[in-house]
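Here's the structure, in structure tokens; my notes come after.
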Amino acid sequence: MDNKRIIIAIDGHSSCGKSTFAKAIAARLGYIFIDTGAMYRAVTLYALEHGAIHSGIVEEAEVEAMLEDINIDFRFNPSRGASDIYVNGDLVEGKIRTIEVSNCVSAVSSIAAVREKLVAMQQEMGRKRGVVMDGRDIGTVVFPEAELKIYMTAEPRVRAERRYKELTEKGDSVTLEEIYENVVSRDKADMTRKISPLRQAEDAIVLDNSYMSVEEQMAWFDQQYCRVISQ
Ligand code: DC
């Protein structure tokens, strides 16, 4: 089409397929895909494994003190066609999407020092442009100047069913009800937290994919991308 490299910011609710969509777009355009939720999950996993979360209660000061010991990097994994996340050189991709991490990640991601560190890393990763980044605050805080901003959502029931299928197929023993509760409580926590709450940027376009196939979403994306690139 055109070789102008832009920043594509995808924000929205949890479990509505943002990462799958962002990954497909990045592959189509030859862009780098960055899953910022994985970064908040990696910090949460580290905090869980290093005793800063007791019976589900996140000790903010302890997490903050640990931050300088946490080095996050992404390494491309050709078999997945996406990057895996590493913490201090350890591959943690397979450990960050458990229900334990999901239940604590909203509290960890509401700590100012955690956001400061991760936002700075994300801005550095997008410096050369040509990135598709998904999260909660990409179009509002990380890259307010992004050329294309998409705000994704889907009905909570539909999202819970998708995540339930994904986890049970992996062998996790979870119930649909606990996943549903996690989806609803994370929406609330993400949208009401004091720092960088999830909200639709004024210039973002909404994609509600409750009843859309992946192909329909890609066709919708092509239209939006062509519009932006021809401006
Ligand atoms: O996209 P996800 O569900 O894997 O994200 C996990 C959590 O991380 C989510 O509940 C909120 C937080 N998050 C955030 O605060 N800011 C981002 N840019 C991405 C994720």
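Residue numbers start at 1 and run along the sequence shown. Order of appearance sets the numbers: ligands from 1, and atoms from 1 within every ligand. Everything numeric in this text was worked out from a predicted model, so none of it was measured. All heavy atoms count here, side chains included; hydrogens, waters and symmetry mates do not.
- Relative ring orientation between F221 and F21 is described as perpendicular, the plane-to-plane angle rising above 60° on a 0-90° scale split at 30° and 60°.
- More than 12 heavy atoms of other residues, nucleotides or ligands sit less than 6.0 Å from atom NZ of K170.
- If you number the atoms of ligand 1 from 1 as listed, the ones under 4.0 Å from a heavy atom of G135 come out as 17 (C), 18 (N), 19 (C).
- The shortest N/O to N/O separation between R136 and ligand 1 falls below 3.5 Å.
- Salt-bridge check for R115 with D137: passed, with a basic side-chain N closer than 4.0 Å to an acidic carboxylate O.
- Protein heavy atom closest to atom 12 (C) of ligand 1, with residue, atom name and distance, is S109 OG, 3.6 Å.
- At under 3.5 Å, a nitrogen or oxygen of R115, whether backbone or side chain, sits near a nitrogen or oxygen of ligand 1.
- Looking at ligand 1, you'll find an N or O of T36 within less than 3.5 Å of one of its N or O atoms.
- Between E147 and R227 there is no salt bridge, since no side-chain nitrogen of the basic residue lies less than 4.0 Å from a carboxylate oxygen of the acidic one.
- At least one N/O-N/O distance between D137 and ligand 1 falls below 3.5 Å.
- Neither the backbone nor the side chain of D11 has a heavy atom within less than 4.0 Å of ligand 1.
- Every atom of ligand 1 is numbered from 1 in the order shown, and the set under 4.0 Å from a heavy atom of S106 is 10 (O).
- Contacts with ligand 1 closer than 4.0 Å are made by side-chain heavy atoms of R41 only, the backbone lying farther away.
- Here the heavy atom of the protein found nearest to atom 6 (C) of ligand 1 is R186 NH1, 3.5 Å.
- Under a cut-off of 6.0 angstrom, the local environment of CZ in R199 is sparse, with at most 12 non-hydrogen atoms contributed by other residues, nucleotides or ligands.
- A salt bridge does not link E68 to K117: none of the charged nitrogens lies less than 4.0 Å from a carboxylate oxygen.
- Salt bridge status for R28 with D222: present, with a side-chain N to carboxylate O gap under 4.0 Å.
- Protein heavy atom in closest approach to atom 11 (C) of ligand 1: D190 OD1, 3.4 Å.
- By the criterion of a heavy-atom distance under 4.0 Å, the side chain of R193, and not its backbone, is placed next to ligand 1.
- Under a 4.0 Å N-O distance rule, the pair D11/R136 does not qualify as a salt bridge.
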